[in-house]
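Presented below is the structure to which this report refers.
Atoms considered below: every heavy atom in the structure, side chains included; atoms not considered: hydrogens, waters and symmetry mates. Chain letters run A, B, ... following the sequence lines, proteins first, then strands; residues in each count from 1.
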There are 2 protein chains.
Amino acid sequence: MGTTSKALSLLNHFSRATPQIGLSELARLSGLNKATVHRLLAELTSHGFVEQVGAGREYRLGPAFLRLAALREKQVPMREVALQQLTELSTKTGETAHMSLLNGDVLSNLAYAYSNRHGTMVMMEDAEVLELHSTGSGLAVLAFSPTRFVNETLSRPLIARTSKTLTDPAEIRALLPAIRKRGMATSTGGFEEDVISYAVPIFDARSACIGAMAVAAPVSRMTDELRQDICDKLMIHARQTTRILGGFPPDGFPPYEPQNSLLREA
Amino acid sequence: MGTTSKALSLLNHFSRATPQIGLSELARLSGLNKATVHRLLAELTSHGFVEQVGAGREYRLGPAFLRLAALREKQVPMREVALQQLTELSTKTGETAHMSLLNGDVLSNLAYAYSNRHGTMVMMEDAEVLELHSTGSGLAVLAFSPTRFVNETLSRPLIARTSKTLTDPAEIRALLPAIRKRGMATSTGGFEEDVISYAVPIFDARSACIGAMAVAAPVSRMTDELRQDICDKLMIHARQTTRILGGFPPDGFPPYEPQNSLLREA
DNA sequence: AACCAATGGTTCAAATAATGAACCGATACA
DNA sequence: TGTATCGGTTCATTATTTGAACCATTGGTT
């Protein structure tokens with residue numbers, strides 16, 4: 001691993017849970033020497049990627065990201081596109097819609113939209129992190145990721161977020177073929193109790209899976225009708241999002257077939 | 001300069017004007033060896049800080065910044081705070097208000113707000129870059145920056161954006177004491193013809209100047225009354241912003257003294 | 001007050017990783 | 001066909017990174 005990678009890896013230790021970290025602590029977390037971490041942090045600091053906060057001289061992410069994120073968004077308006085699609089999706093379904101991007105071995109929230117149809121909603125957070133094994137979005141991404149990546153992900157400890165979280169690698173692996181065939185994953189109470197989510201993968205120009213779009217609803221509100229509506233609308237908007245972002249679904253990804261026509265006949 | 005700094009410097013070559021750059025071109029721009037640039041880009045790519053776009057295999061900023069910017073903003077809601085202040089400021093003054101942060105030797109836009117009082121407005125852009133010599137914000141920052149920094153900045157070639165841009169280092173230097181005394185800078189037509197702007201520096205917890213808040217109006221609309229109103233409101237909101245962000249004006253920075261009372265007497 | 005265990009930060013010889021001239025294959029143009 | 005780009009790779013030379021041991025400081029404990 002190159003020096004630059006080590007420096008960049010340091011940034012991954014900052015999270016919502018640990019937004020600022022001391023020198024020794026970061027050395028411990030990263031497994032690097034304290035002197036090394038100090039030098040790398042100095043370089044990151046001089047570029048505004050981290051900054052030192054007064055009291056305990058701890059470090060936190062710097063303001064440079066705001067500029068670079070704005071620049072990135074200016075050229076590749078992912079967030080804007082996503083937000084637009086999610087707003088429509090949540091309005092149509094009456095439930096919370098969100099999209100997240102694969103970042104290393106976790107998903108990070110890109111955008112979300114609420115509906116005001118009901119008094120209760122599944123809530124989302126900015127910069128929230130979703131694990132691959134415990135969420136619908138994660139399963140959708142796993143199903144369309146290279147085998148090696150799946151193996152690595154499932155060989156790490158799988159934390160049980162709730163009593164319903166799947167933590168058996170074999171069990172998760174068994175779900176993937178069906179997800180691939182359907183082009184959609186679902187998870188009930190895996191990340192939060194009483195939340196059911198449906199998720200469809202999003203692809204880039206090389207047909208690599210880069211994240212997922214999902215709709216999350218309280219389990220108590222779910223009916224066959226709502227389920228059908230969510231899946232229908234989600235499939236449309238997820239495919240549309242992939243397309244607008246310049247991506248292509250991989251060979252064999254199921255095309256959208258409206259199923260509500262069948263419902264209406266029934 | 002360390003290897004990490006070289007890698008991070010590569011990111012600075014991406015801008016609104018050149019959002020994607022080829023390997024050879026980037027080697028030329030950075031003055032580094034092509035092999036070195038390639039390796040550094042490979043490391044940046046593996047962390048999502050840059051990505052390669054299909055055709056010419058050019059590189060552009062990656063999606064990792066969205067996540068890290070969200071995380072940064074979650075902990076230090078600069079943009080949110082700024083936007084709030086700017087919205088009030090532009091509503092009160094009827095003109096465009098914006099805030100930018102010092103990034104290396106230029107200012108980059110953090111946020112802006114328009115008013116709907118008039119049919120014409122000074123327009124801003126996301127991820128826009130402001131030079132220190134040609135804008136009110138830049139002068140405000142220069143006036144409250146270390147001498148060494150000022151010297152370095154003014155020793156570089158100063159591009160004339162308009163016929164009114166100040167390009168003589170001595171002339172610019174001569175303005176700074178008055179700006180320091182007043183706690184506010186102004187520029188007429190320096191960046192864009194027919195735009196006058198007033199700017200107040202923003203400080204961090206160590207009293208270092210980190211950027212500026214400004215109001216920009218068409219020259220044709222400027223009257224003594226509007227000028228007074230803008231300066232008054234701007235001073236209030238800029239000081240408030242510094243305070244909310246946890247910063248402190250340096251010793252000798254002029255406190256806010258309402259001057260509209262004087263106007264009303266007259 | 002003396003002591004201990006942390007902290008952030010620094011030093012410098014030894015170990016390792018970065019470097020760059022030359023190279024390859026591909027593409028584009030004349 | 002020849003030339004001039006491009007992105008990417010190689011590998012001996014070189015220079016940077018590394019890390020154990022070291023300060024100075026802080027906060028808590030005896």
Just the rounded figure in Å: distance from [atom2] of [N] to [atom1] of [X].
{"X": "A:Glu58", "N": "D:dT26", "atom1": "CD", "atom2": "P", "value": "17 Å"}
{"X": "B:Gln20", "N": "D:dG7", "atom1": "CD", "atom2": "C1'", "value": "15 Å"}
{"X": "A:Leu23", "N": "D:dT25", "atom1": "CG", "atom2": "C1'", "value": "14 Å"}
{"X": "B:Ile21", "N": "D:dG7", "atom1": "CD1", "atom2": "P", "value": "11 Å"}
{"X": "B:Arg57", "N": "C:dT27", "atom1": "CZ", "atom2": "C1'", "value": "11 Å"}
{"X": "A:Leu32", "N": "C:dA17", "atom1": "CG", "atom2": "P", "value": "12 Å"}
{"X": "A:Glu25", "N": "C:dG9", "atom1": "CD", "atom2": "P", "value": "15 Å"}

**Prompt:** How large an angle, rounded to 10°, do the end axes of the helix from C:dA1-D:dT30 to C:dA30-D:dT1 enclose when each is built from five base pairs?
**Reply:**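 Overall, the helix from C:dA1-D:dT30 to C:dA30-D:dT1 bends by 30° from one end axis to the other.
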**Message:** Applying salt bridge (Lys or Arg N to Asp or Glu O under 4.0 Å) as the test, list every pair that has at least one member in residues 32-42 of chain B; sequence neighbours left out.
**Reply:**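 Applying salt bridge (Lys or Arg N to Asp or Glu O under 4.0 Å) to every pair that reaches into residues 32-42 of chain B, excluding sequence neighbours, yields B:Arg39-B:Glu43.
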**Between B:Gln20 and A:Gln75: side-chain donor-acceptor atoms closer than 3.5 Å** =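 Yes.
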**Message:** Using a 4.0 Å cut-off on heavy atoms, which residues in residues 33-50 of chain A reach DNA chain C? List them by number, or say none.
**Reply:**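 The stretch gives A:Lys34, A:Ala35, A:His38 as the residues lying under 4.0 Å from the strand, ordered by number.
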**Message:** If the condition is side-chain hydrogen bond (donor to acceptor under 3.5 Å, both in side chains), which residues does A:His98 pass it with, not counting sequence neighbours?
**Reply:**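 None.
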With sequence neighbours excluded, tell me which residues meet salt bridge (Lys or Arg N to Asp or Glu O under 4.0 Å) with [X].
{"X": "A:Glu80", "answer": "none"}
{"X": "A:Arg180", "answer": "none"}
{"X": "A:Arg239", "answer": "none"}
{"X": "B:Arg72", "answer": "A:Glu51"}

**Asked** Restricting to pairs with a member in residues 129-142 of chain A, which pass side chain to side chain donor-acceptor pair (under 3.5 Å), not counting sequence neighbours?
**Response**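 Only A:Glu131-A:Ser134, A:Glu131-A:Arg161 qualify under side chain to side chain donor-acceptor pair (under 3.5 Å).
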